[in-house]
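First the structure, in the form of structure tokens, and then the observations on it.
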Amino acid sequence: MSDLLVNLNPEQLQAVTLPPQHALILAGAGSGKTRVLTTRIAWLVQTGQVDPQGVLAVTFTNKAAKELLARLSAMLPLSFNRSARGMWIGTFHGLCNRLLRAHHRDAGLPQLFQILDSGDQLAAIKRLLKALNVDDEKFPPRELQHFINGQKEAGLRPHAVEAWDDYTRHRVELYIEYESQCQRESVVDFAELLLRTYELLERNEPIRKHYQQRFRHILVDEFQDTNKLQYRWLKLLADAGRDGAAKLFCVGDDDQSIYRFRGADVGNMRDFEREFHVGNVIRLEQNYRSHGNILDAANAIIRHNAGRLGKNLWTERGAGEPIRVFEACGDLDEARWIVDEIQSLVRDGMSRSGIALLYRSNAQSRVLEHQLFSSGISYRVYGGLRFFERQEIKHALAYLRLIANPDDDTAFSRVVNFPTRGIGARSIEALQDAARTWNSSLYAAVPHLAGKPGTVLAQFVRLVEDLRRDTAKLPLPELVDHVLDASGLRNHFRNEKEGQERLENLDELINAAANFVAEAGVQADAQDMAHALLADFLAHASLEAGEHQAEAGSDAVQLMTVHSSKGLEFDAVFLSGLEEGLFPHENSILETEGLEEERRLMYVAVTRARQRLYLSFAQSRMLHGQTRYNLRSRFLEEIPEGLTKWLSPLNPRTSAVRSGFGGYYQPSRGGVVAKAPEQPVSRSRDLGGLRVGQLVTHAKFGQGVIVAAEGSGADARVQINFGAAGVKWLMLAVAKLDPA
DNA sequence: GTGAGTCCCGTTTTT
DNA sequence: CGGGACTCAC
């Protein structure tokens, strides 16, 4: 047991061995957060302070849950591993799903209820609007989806929403309709999983008491990412901190809270500290990832935020190399430089997979990909379609869902005419009318239809019924296989020109089913359970969308947004596009809250790097089909000068633009690369010595970049982007502009 | 019911 | 500029 605790630093040790009490662990980037979490659980179990079934550990992603479990089983002796099954480890949504399946009757749900992912939910909302004849210009489906999810995450059912205007009153009406549609179809969206579970626990005393007594220790990962409802959910399980209830052990980092836009509320950390009377907040500030310069930069940046809980990262490693800053003429030059630099790193022996290219928004990846591609460097982009979100997989799942639950109109609509079987928009409309008349699902309305539509639709219903009957005793993988053939999906893609990959994905779905069965540890002879197991598999598919198109194994440079880089680390990190408007993003610049979140994002980006950090920006950049001239990011200015090394030809920190420069700097090693970069702009126009792209100073508005010009002579006007002061047109003859 | 043509829009994303 | 959603004509 004692070897569990060796090699922990004093703060980690303190956190791990805390007596049973509510605790808040402020875990900085790279401070061994997961280690503390797993060791804490192992220590509690091994010292006999808690039975495995008294442990509840909550994470945000399936990946984190899996890692927790894997590291935990590596720590515990085998005898404990068997009982480790008694622990509940999973995501908020996964655990809610489990609770709702166990108590579906009390929660007012059929046992085989289906889960809508965001795409399914959007489709359901569109269908609803169409059925109610609502103008989707006035009520954009996406906006409505956001509204409904927002209310649910605030714990509000329609009747509890305060409708402050006509528009909202109307949206509440639609919220009501949406709820009854979901109930009729036996489907549950992500927010509903949470809210439904919360209400179940709140209203059903025996069930609440049962879980309150069962769980003795509740551990929460990434606590800064919890939303209001999730926090209330935790409070309920911990009986608001009353004596004898579970102890909450929350680990998080307020400086890495970057999901405010989807409801995460850092305020939960402060609230938790207050409401649970957390005496001493433990800070994990020793960083095991990065060199000193990188941490100093990160500390300096984040210091500009107000209202932090406070934390300063440090390391025992040396200062390391300076942070390299590069100023490029255009986005293309920036990309070229990055690729040159990568090639040099790889020549020096760094593995490609140890190198990351980070950017604020996905649109920026294009130039980088193009450059990498033409240089023949293998790379991998995160963020594409995920396995269970692929069209062909969605179709296959829709058939499977109809087997488990024919009232699922979303699934019905998706495949009723796919592959095409002559069921057109007219037939569907007639069917929808019938369904409305009989207040039933589309599937159940089919027998009420007469005429030709009735006949073809009845054939489809028969197909689904045959599928259900023929698969009732099949093991899951064979069940899936059978459906792929009998539905005609395989045939359809076999005849399609580009269908090969889709066919392979369909086969992969069978593998996924096989893996699911293996991991679930179900006996192969549990035949009569085929459809119950199917429902579990479908829930799994909704809750875990699968890998982000992983081509694991190959040694490739990693491209991703700063958001998706959270939690990862790399030997070398390139952060590109450090420009006002891009990073910080223009939509977030105006309000402090938004700007501070951008700064936390910057903090996350910087702390991903182990050894080398490269920061770059471009004077001009192609965005939305036009060239933009941005000021360099304020975040660059927040890094102390001593930590950086500017790789630009001109002096650091003097000008953002150089005139008539023809060659370019040296990569961090090797000689000068002679290249002729495109000049950002050189429209011949008499601007009294000024050029588009040039940095100028105005007495009132401060520094800005000239972004456009028109007229000449006495009429000449220039448009200048002053950053915070806005974008303005100024008459050259009147405005006093000085080259900066 | 499919395919070409057109229009619109444009952070970040997990479950 | 480029992708996605939508429309209109066969």
Side-chain angles (χ1 to χ4, degrees), chain A residues 58-65 90-97 115-123 126 136-137 140-142 145-146 149 152-153 188-195 197 221-222 225-227 229-230 257-264 331 358-367 369-370 382-386 388-389 391 417-428 496-497 539-548 560-567 577 581-589 594-595 597-598 600-602 604-605 621-628:
Chain A
V58 197
T59 64
F60 269 86
T61 63
N62 293 295
K63 199 174 147 203
T91 63
F92 278 101
H93 293 85
L95 296 167
C96 286
N97 176 51
I115 299 169
L116 301 183
D117 66 22
S118 350
D120 299 331
Q121 185 189 26
L122 188 62
K126 284 181 179 165
D136 59 3
E137 299 266 287
R142 286 195 167 282
Q145 181 182 29
H146 184 77
N149 291 340
K152 289 190 182 183
E153 277 162 22
V188 163
D189 62 47
F190 286 140
E192 185 72 25
L193 280 173
L194 261 303
L195 183 52
T197 311
D221 190 20
E222 306 277 17
D225 286 339
T226 48
N227 65 31
L229 183 57
Q230 286 160 340
S257 161
I258 56 175
Y259 288 111
R260 194 174 71 107
F261 69 92
R262 67 175 196 218
D331 45 358
L358 307 184
Y359 33 80
R360 172 69 239 264
S361 58
N362 287 304
Q364 290 166 251
S365 74
R366 179 176 306 259
V367 219
E369 285 186 65
H370 180 79
Y382 280 67
L385 263 197
R386 304 164 79 195
F388 287 109
E389 289 166 356
Q391 196 206 118
N417 196 34
F418 191 96
T420 50
R421 37 179 81 90
I423 299 170
R426 307 166 304 285
S427 310
I428 297 302
E496 207 181 62
K497 295 178 288 276
H540 166 81
S542 300
L543 290 172
E544 181 163 8
E547 284 293 306
H548 255 314
M560 66 190 83
T561 62
V562 179
H563 278 94
S564 18
S565 77
K566 199 176 105 176
L582 257 184
F583 198 3
H585 194 273
E586 52 195 350
N587 297 355
S588 311
I589 277 176
L595 185 64
E597 179 135 324
E598 295 285 312
R600 292 193 290 269
L601 205 45
M602 178 74 184
V604 167
R621 175 177 303 275
M622 196 63 153
L623 198 66
H624 305 327
Q626 54 184 2
T627 310
R628 307 209 333 182

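Numbered from 1 within each chain, the chains take letters A, B, ... in sequence-line order. In this text the structure is predicted, and so the values were computed from the model without any measurement.
Below the 3.5 angstrom threshold, one finds a donor paired with an acceptor across the side chain of S118(A) and the base of dT15(B).
By the 4.5 Å heavy-atom criterion applied to side chains, D189(A) and K152(A) are counted as neighbours.
Distance from the side chain of R366(A) is smallest to dG2(C) among dG2(C), dT11(B), dG1(B). For E598(A), the listed nucleotide lying nearest its side chain is dT11(B); candidates were dG1(B), dT12(B), dT11(B). For L543(A), whose side chain is taken as the heavy atoms from C-beta onward, the closest listed nucleotide among dT11(B), dT13(B), dT15(B) is dT15(B). Distance from the side chain of R262(A) is smallest to dT13(B) among dT11(B), dG1(B), dT13(B). In this structure, the nucleotide among dT11(B), dT2(B), dT13(B) sitting nearest to the side chain of T420(A) is dT2(B). Distances were taken from every side-chain heavy atom of R386(A) (C-beta onward) to each of dT15(B), dT13(B), dC1(C); the shortest belongs to dT15(B).
At the phosphate of dT11(B), neither OP1 nor OP2 sits under 4.0 Å from any side-chain N or O atom of S588(A). Under 4.0 angstrom from either OP1 or OP2 of dT12(B) there lies at least one side-chain N or O belonging to N362(A). The shortest distance between the side-chain N/O atoms of N62(A) and the OP1/OP2 oxygens of dT14(B) is not below 4.0 Å.
The CE atom of M602(A) sits 16 Å away from the C1' atom of dT12(B) (whole-angstrom rounding). In this structure, the CZ atom of R628(A) is 11 Å from the P atom of dT11(B), given to the nearest Å. The interatomic distance linking Y359(A) (OH) with dG10(B) (C1') rounds to 16 Å, in whole Å. Nucleotide dT13(B) holds its C1' atom 14 Å from the CD atom of E222(A), rounded to whole Å. Between D225(A) atom CG and dT15(B) atom P there is a gap of 12 Å when expressed in whole angstrom units. The distance between atom CD of Q364(A) and atom C1' of dC1(C), rounded to the nearest whole Å, is 15 Å.
Between the side chains of S361(A) and Q364(A), at least one donor-acceptor pair of N or O atoms lies under 3.5 Å.
One N or O on the side chain of E597(A) and one on the backbone of R260(A) form a donor-acceptor pair closer than 3.5 Å.
Nearest-nucleotide mapping onto DNA chain B: of G625(A) and G424(A), the residue sitting toward the 5' end is G424(A).
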